[in-house]
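What follows is a single structure, written as structure tokens, with notes after it.
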Amino acid sequence: MNVLLCPLSDPGYLYPALAAGRELRRRGHTVHVLAGQRAGSAVTAAGLALSAVADPTALSVTHWTIRGPEQHDVVARAVRRLRPDVLVTSVLCHGALVAAESAGLPVVVLGLAAYLWPYRTGPADDCGRAWRLAETLKHYASVRETAGLAPRHDRFPDTPLLGTAFLLRGHPALEVADAELPGSVRHVGPCWWEPEPLAEEALPDSKPLAYVHLGRTFGGTSLWPRLNAAFASGTHRAVVELGRSGGPEAAPDADLIVGRRHWMGPLVERSDLVLTNATSAPVLAALLHGKPLLVAPNGSEQQVLAAGCLRAGVARRLPEPGARAEALRAAVRDTARDHGVRARTRELGGLLADGKSEARAADAVEAAAR
């Protein structure tokens, strides 16, 4: 079987696709990875073949709402050149979905840790699912129109976004209780992989660590004022991963070590807790390493996943903007010491770790190709 991985090239989307690709290659399949040059080192570290694209923005999640037609073009050209039997792509990579439909190919979509759109049945959770689906479909439809495809008439509006199979990387415990997912959606688990760090990062050991991962604000509130207050004269030192957020705004008296890295696992393992806006990668890293979560969501997936973590009992919520510094410091200290949250985190993380997620993802790809 000839597999084309065409995920978004950002680590949170690329790395799980590489995890599935490694398992598919282990099973004897041919695997090509369509990605920008900046992702080349990760693809090489995963032992897979890179098919580089010249336009670095075409497969970037930062530009997914405006670069869909260009994304479609690079995937369609790769399909004509490599003649795959099946595509594997990321949620929000609409160009790949449209290119697969145009070529009559099955496509497996790697989703996030929780389902973002309305359930088939189940209680509402005030996370803006219907609005999010409408906005996503608007961007998908524009790519489809540019590609010249005839209008679709699906029974359920989310159907074209789900591909042949849609794989969630979380656990059912993160979904709303008694909610029914679409039939093509299944939980496979984290598909966790990241490049090995070149060396262990040297960190002062005078205080215990908190790992902080910043997501985008989406017009919401920056975490920096609360981080500066929480880690000035607090119990913990924070290692802050900037991710796709803006530049650092650390105060001089805040005990913060700030940077951008291609990995997080070793730092999460050394930390007492994970403070995050609640995007999939840091949440899954915290669960897999049995670390309690402190969440402060803004937009996109953050509201959905933060609500799931709070329902599952694996997280506390960071006090809102304007909270007193002592309340913020106490949130860090008390989350690290919360034995109930820690126990539930270890339990859920154990279920995720035992799920053989790469094998399940590869099974889904093989089934789609058949």
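All values below come from the heavy atoms of this structure, side chains included, with hydrogens, waters and symmetry mates left out.
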Any Lys/Arg nitrogen of Glu194 or Arg261 sitting under 4.0 Å from an Asp/Glu carboxylate oxygen of the other? no
Any ion pair linking Glu358 and Arg22 (charged N to carboxylate O, less than 4.0 Å)? no
Side chain to side chain donor-acceptor pair (under 3.5 Å) with His236: which of Thr335, Asp255, Asp272? Asp272
Arg186 to Phe166, cation-pi by 6.0 Å centre distance and 45° axis angle: no
Among side-chain atoms of Ser51 and Arg81, is any donor-acceptor pair under 3.5 angstrom? yes
Taking only Lys NZ, Arg NE, NH1 and NH2, and the carboxylate oxygens of Asp or Glu, determine whether Glu135 and Lys138 approach each other closer than 4.0 Å. yes
Hydrophobic clustering (ILVMFWY, side-chain heavy atoms < 4.5 Å, transitive) - are Val109 and Val86 grouped together? no
Would you call Glu101 and Arg144 a salt bridge, using N to O less than 4.0 angstrom? yes
Can you see which heavy atom on Pro292 is nearest to which on Thr345, and at what distance? CA-OG1, 3.8 Å
For residues 359-369, which side-chain N or O atoms pair as donor and acceptor with protein atoms under 3.5 Å away, sequence neighbours left out?
unit_1	atom_1	unit_2	atom_2	d
Arg360	NE	Gly355	O	3.0
Asp363	OD1	Arg27	NH1	2.7
Asp363	OD1	Arg27	NH2	3.0
Glu366	OE1	Arg27	NH1	2.8
Glu366	OE2	His29	NE2	2.7

Can a donor-acceptor pair be found between the side chains of Arg237 and Ser206 at a distance below 3.5 Å? yes
If the threshold is 4.0 Å, N to carboxylate O, is there a salt bridge linking Glu175 and Arg311? no
Between the side chains of Glu347 and Arg344, is the shortest nitrogen-to-carboxylate-oxygen separation below 4.0 Å, so that they form an ion pair? no
